[in-house]
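This report concerns only the one structure given below.
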Amino acid sequence: MQIRKLLIVALVVAPLTAFGFGSVLAEITHDGAGKFIQGLGDRALEAIANENVTKEQRDKHFREILAEGFDVPAIAAFCLKQYWRKATPEQRERYVALFTDLIVQTYSARLKSIYNGETLSVRQVVSDGKNGAMVQSEIRAPDAGNSGVRVDWRVRSPNDNYKIVDVLVEGISMAITQRDEFAAVIQSKNGDIDAFLDTLQEKVIKLEGSGA
Amino acid sequence: MRSRMLFDLTPRLAGIFAAAALLAACTATPPTDPEALAAYEEANDPLEPTNRAIFDFNQGFDRALLKPAAEGYREIFPDGVRSSINNVLHNVRSPVILANDILQGESVRAVETITRFAVNTVLGMGGLFDVAGQYGMERHTEDFGQTLAVWGFGEGFYLMLPVFGPSNPRDTVGLVVDSFIDPLGYFVSFPVTFGRSAVEGIDKRSRALEPLDEIERTSVDFYATIRSLYRQRREDEIRNGEPGGNIPAPSISFEFLEDEETLPVQPAAGVTIGENARPKSNEVSELMR
């Protein structure tokens, strides 16, 4: 009897104290994070795979997926770094709109140009200890043999509503890359946020006009 | 004797170029404004004006020579042939990879490198076919720049090498040391090792044609984008692709969001809420509207 009691204690209580009750709950959440990425990834790849759409339609679709699955304002704020705090509300508003356009133009075309029948499979979901997780996935072309591309998705789940805050391709963070680039551009404008936004606008207009 | 003296001069030439670039460098003056100074320090690119000039030169070199060669290479050879060439190039690199596996104390990876080399050389007909890879023993690379990083050497400042592209003092030293480690240089003459380097360059470029075009097209500052990509890629290579504990930037900088979102459930998880989380999270919610 004693031994049985001990066993129960060992089996039930020990894991709870070891990992904390929070992480048991979190396990359930992470499952959802994996499904969220798998679902979103499948839809995005499907949208890219469709040959019978114009650039406008593809961009529109991409914009919808972006709004639904990504915390764009948070990523935008991250990419502006210390200048975010300096920016006026008007500058911020203009910046987030331009940032969204730039992301749509960049990734809609970028994914289209390299797409070759790839599929996405979620491999593992790792908790970051709070209410976020890193969903590790692999994107693989049908004929690529064993050379898939490693893509990790950093997600947050406010109220069980998942949002992506960063995408890492082969360990390279898209958010950090964008932030570093913006930092260089702002630096070249001597810290003038309006001048930076003008440059950003020029770029967006140019990309929207291009046929890709 | 002759081959030994002349072996693989290219990386050493790169070293000389780098030294010359250092001497000729007109270093940028650090800004005084605190935001600008923070950005300047983060870029860690004191030779930026010189580096940008070399980058322009490299782009010219790419447009005139490397890119057309890579495009032609892809036109002429079918997928299977190109993948076999790539396999052979990788197989020939095995001694350098092995040496660095060992120097980094990575015994499992060292055994993998030996096994792959043996299996692919024998069953893969001199490395033409990646037989070991088909059995789940995937290839990896290592170089002396990574070994130095594992030993605790920092990357130093950003350095744009002519022809060789993005680097830093640590990786430049690595490039030179690897050329000494490589036994190929002791067995064949310089034209052969040079030819090998050239084919490696063309092979590498041919795999990045579309992505690089796209990155250049969509970048506001291509140079800064490449600088960031290079650094992050090296970080990832040094960690051998393990999910990074030491990229603090995203998790820390996204913290303000985290704090905001988790406020109601936070006490249970026992996570301290940062003092300045409040004003920052207000900024975000203000923005969300």
Side-chain angles (χ1 to χ4, degrees), chain A residues 20-22 71 73-74 77-78 81-86 89 92-93 96 102 105-106 109-110 113-114 126 128-132 134 136 145-147 150 152 154 156-159 165-166 170-173 175-177 179-188 190-191 199-200 203 207 210 212, chain B residues 31 33-36 38-40 42-43 79 83 130 133-134 136 138-139 210-211 213-215 217-225 227-229 231-233 235-237 239 241-244 247 249-251 253-254 256-258 260-262 265-266 268-271 280 283-284 286-288:
Chain A
F21 195 59
D71 193 342
F78 172 79
K81 244 194 132 191
Q82 63 263 40
Y83 296 100
W84 178 258
R85 235 157 289 156
K86 269 182 84 179
R92 287 179 185 179
E93 197 179 326
V96 173
L102 182 75
Q105 290 305 321
T106 300
R110 196 173 283 181
S113 82
I114 59 174
V126 182
D128 69 1
K130 297 180 187 174
N131 70 336
M134 187 74 101
Q136 297 170 4
N146 49 18
S147 57
R150 185 156 47 90
D152 299 338
R154 193 185 289 277
R156 294 272 170 275
S157 58
N159 325 314
V165 290
D166 195 7
E170 293 286 332
I172 296 172
S173 152
I176 293 179
T177 310
R179 186 196 63 180
D180 288 350
E181 187 192 25
F182 284 174
V185 178
I186 298 172
Q187 207 188 338
S188 76
N190 298 316
T199 308
L200 209 56
K203 188 75 197 177
L207 289 173
S210 71
Chain B
D33 172 58
E35 268 93 17
Y40 173 84
E42 183 133 331
D79 282 1
S83 118
D130 186 3
Q134 279 158 16
E138 288 184 25
R139 63 155 76 167
E210 285 84 7
D213 278 354
E214 264 305 309
I215 291 167
R217 191 181 72 91
T218 52
S219 291
V220 188
D221 185 340
F222 190 39
Y223 171 87
T225 302
R227 183 172 64 195
S228 177
L229 291 174
R231 282 197 177 127
Q232 294 187 62
R233 189 175 150 67
E235 268 302 313
D236 185 67
E237 284 178 339
R239 288 196 317 271
E242 294 296 322
I247 310 181
S251 46
S253 306
F254 281 128
F256 61 91
L257 276 172
E258 218 160 84
E260 188 207 33
E261 286 154 8
T262 52
V265 287
Q266 230 18 263
V271 176
K280 275 194 253 165
E283 283 178 4
V284 172
E286 171 190 308
L287 177 84
M288 305 274 217

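Quick note on labels: first sequence line is chain A, next is B, and so on, each numbered from 1.
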Interchain contact, S83(B) with chain A, by part (heavy-atom threshold 4.5 Å): neither
Counting only heavy atoms closer than 4.5 Å, note whether L200(A) contacts chain B via side chain, backbone, both or neither. side chain
Yes or no on side chain to side chain contact (heavy atoms under 4.5 Å, CB included) for E42(B) and R179(A), after CA distance, side-chain angles and deciding distance? CA-CA 11 Å; E42(B) 183 133 331; R179(A) 186 196 63 180; 3.2 Å; yes
What do the steps show when you test Q232(B) against T177(A) for side chain to side chain contact (heavy atoms under 4.5 Å, CB included), and what is the final call? CA-CA 8 Å; Q232(B) 294 187 62; T177(A) 310; 2.9 Å; yes
Would you indicate whether the side-chain heavy atoms of I176(A) and R231(B) approach each other to under 4.5 Å? no
Which heavy-atom pair separates K203(A) from V220(B) by the least distance, and what is that distance? CG-CG2, 4.0 Å
Using 0.5 Å steps for rounding, measure from the OG1 atom of T106(A) to the CZ atom of R217(B). 8.0 Å
Correct closest heavy-atom pair for D236(B) and E170(A) would be OD2-O, 3.1 Å
Atom of G241(B), atom of R150(A) and distance for their closest heavy-atom approach: O-NH1, 3.2 Å
Ranked by heavy-atom pairs below 4.5 Å to chain B, first place among I172(A), D180(A), D152(A) goes to I172(A)
I'd like to know if the side chain of E181(A) and the backbone of D221(B) have a donor-acceptor N/O pair within less than 3.5 Å. yes
Most contacts with chain A, counted as non-hydrogen pairs under 4.5 angstrom, among T218(B), L229(B), D213(B): T218(B)
Report the option among E210(B), R233(B), E237(B) that has the most heavy-atom pairs separated by less than 4.5 Å from atoms of chain A. R233(B)
